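Data first, discussion second: the structure below is written as structure tokens.
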Amino acid sequence: MEGAGGNRLTPHVRPGVIAAVAVLALDQASKLWLLFVFDIARRGAVKVTPFFDLVLAWNVGISFGWFQNDSQLAQISLMIIKAVAVIVLAIWMARSRTPLATIALGLIIGGAIGNGIDRFAYGAVVDFALFHLQIGGNTYNWYVFNLADVAIVAGVAALLYDSFLGVPAAKAP
């Protein structure tokens, strides 16, 4: 597999690239299916289990719906920040020293690109998964999220694990 400038993709980076591509493909396929085949916009909330629903939420903010702003300037700013973050994460992935960190960074990159595609295509990120609990007559909802968000959270958790509890990298001579 050729990289930028004709360099071969190094074997230690390959699992991260595969993780990023897999997350991106699964994320976009799930969103396209829900939007255009399942037609979740027409169906509204669909109860899947007593604690999980499929719903359509357009997130114009960042993670967990923070900084909601649907102005064109805000959306362009978020796209630029996301592009810079993906580039920084890709450099980090290329320099990573453990397979877990490489795959974790691939998960984060794939998720970020998936949500970035949504923002570019729709002006907002497509969120659809809602977990909730009913306790004593009160309903407690988690944030609505998507597969890209799951990959990002899993990637961050794996990076934290690798940083604090993973096998230390061998010292250079």
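Hydrogens, waters and symmetry mates are skipped; everything else that's a heavy atom, side chains included, is used. Note that the coordinates shown come from a computational prediction; the quantities given were computed from them, not determined experimentally.
Side-chain atoms of N146 come within 3.5 Å of backbone atoms of A148 as a donor-acceptor pair (strictly under, hydrogens ignored). In this structure, H12 contributes its side chain and R95 its backbone to no donor-acceptor pair below 3.5 Å.
Here the closest non-hydrogen pair linking W58 and V126 is CZ3-CG2, 3.3 Å.
With a 4.5 Å cut-off on side-chain heavy atoms, I113 and V86 count as touching. Residues I108 and M93 have side chains not in contact (no heavy-atom distance under 4.5 Å, counting atoms from C-beta outward). Considering only heavy atoms from C-beta on, V55 stays 4.5 Å or farther from F128 through its side chain. Contact annotation: the side chain of R43 approaches that of F38 to within less than 4.5 Å [non-hydrogen atoms, C-beta and beyond].
Between K31 and D27 there is a salt bridge, since at least one side-chain N of the basic residue sits less than 4.0 Å from a carboxylate O of the acidic one.
Summarising the local packing, OH of Y122 is surrounded by more than 12 heavy atoms from other residues, nucleotides or ligands at distances under 6.0 Å.
Hydrophobic clustering (side-chain heavy atoms under 4.5 Å, transitive across Ile, Leu, Val, Met, Phe, Trp, Tyr) keeps L147 apart from V23. Y161 and L107 sit in two unconnected hydrophobic clusters of ILVMFWY residues. Membership requires side-chain heavy atoms under 4.5 Å apart, directly or through other members.
Using cut-offs of 30° and 60° on the angle between ring planes, the pair F131 and F52 is tilted.
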